[in-house]
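Predicted, not measured: the structure shown is a model, and the values here were computed from it. Start at 1 with the first residue, then count along the sequence.
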Amino acid sequence: MKNLKYFSILFPLFFLTSYAQVNYEFYGALKLNGNDKTIITYRLVFTEQNGKINGYSVTDLDGAHETKNVISGSYDKSKKQFSFQEKEILYTKSKFDENSFCFVNFSGKVKLVENTSKLEGAFKGLFNNKTKCIDGTMSLIGSNKIYNLVNKVNKKLQSSKKIDAKTKSESNPIKLIDSLKINKLSTNQNLNVFWESSILKLDIWDNGQEDGDIINVYHNNKLILSEYAVTNKKKTINITLIGKNDVFKIVAVNEGKIKPNTAKLELHDKNRSFELLATLNKEEEASITIVKKPAN
């Protein structure tokens, strides 16, 4: 009876330990092989559970070619063997040509210790059909280590008597890192989002201070939201998608009291969603192209 009592205590603990999910986040860069040694910013976010890796990567953070991919892989804790592969595009700001995207495939010795680890080593680049494209090296640092270093820098910055309050606020390195997590849509940019459903649920709101920003929203050049004043309360629109590519255009009617005109957008597709922040000056525009994925 006594042993049974211990078993009833230990079994749940063993069960929880075996199935515990650990979250990881890394920032750094990819260095491509070749004459120009191109360097591309890179963010990697994933969970590890029972040796299985699932998550996403973001290439060219806040850049003209920012791309988010699904990743999957494995981790052998005893051998410290870590691997992952990019396998599906979620969105991209690049002009879309499915056959031109080069996916990162990495395998190497890594000791995963929450968000203080390093991920370094060579990776292989493969097209969607598994033929070779361009290889390179990856150098990433766990987000906790980055935030610890940035906090030290920020404390010195904020305590300096030689720097004015405005400069301190604008130069805050923590805000800069946090801003890299936001998918921004700027003037004349187009975001290609790969879609499964035939319906788009679109939420629009101001996630900051309400300042009178007004926008127009078009669906395939048809005005569906006219001179809408963006507020902290979400405006929800449900739209039936028409063809393979549906284009939504956001136009800034004004700039409100605080420049630029900003609107937070969230796009809902079945069991996943995409958030972005449109930042535009008066009469400027940006667009989102919903690319319907072929049925399996």
Does Asn216 form a side chain to side chain contact (heavy atoms under 4.5 Å, CB included) with Glu227? I'd like the steps, not just the answer. CA-CA 5 Å; Asn216 286 333; Glu227 297 194 356; 3.7 Å; yes

Determine, step by step, whether Thr47 and Asn54 satisfy the side chain to side chain donor-acceptor pair (under 3.5 Å) criterion, reporting the C-alpha distance in whole Å, the side-chain angles of both residues, the deciding distance to 0.1 Å, and the verdict. CA-CA 6 Å; Thr47 60; Asn54 288 289; 5.3 Å; no

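You'll find the ring centres of Tyr24 and Phe82 outside the 6.0 Å limit.
When every heavy atom of Ser94 is checked against every heavy atom of His65, the shortest pair comes out as OG-ND1, 2.8 Å. Heavy atoms only, all atoms of each residue included: Gln85 and Gly73 are closest at OE1-CA, 4.2 Å. Contact between Ala263 and Val230 at its shortest, heavy atoms only, is CB-CG2, 4.3 Å. Scanning all heavy atoms of the two residues, the minimum distance from Val247 to Ser287 falls at CG1-CB, 4.2 Å.
In this structure, Val291 is not a member of the same hydrophobic cluster as Tyr218, with clusters built from ILVMFWY side-chain heavy atoms closer than 4.5 Å. The cluster map of Ile, Leu, Val, Met, Phe, Trp and Tyr, joined by side-chain heavy atoms under 4.5 Å apart, puts Leu267 and Ile237 in the same cluster.
In terms of modelled atom types and a separation under 3.5 Å, the side chain of Asp213 and the main chain of Thr262 share a donor-acceptor contact. Asn232 places a side-chain N or O within 3.5 Å of a backbone atom of Gly208 that can act as its donor or acceptor partner. For the pair Asp269 (side chain) and Ser197 (backbone), a donor-acceptor distance under 3.5 Å is present. Under a 3.5 Å cut-off, the side chain of Asp211 and the backbone N or O of Ile258 do form a donor-acceptor pair. Here the side chain of Asn245 pairs no donor or acceptor atom with the backbone of Thr289 at under 3.5 angstrom.
Ionic pairing of Lys282 and Glu255 is not present here: no N-O contact between side-chain nitrogen and carboxylate oxygen is shorter than 4.0 angstrom.
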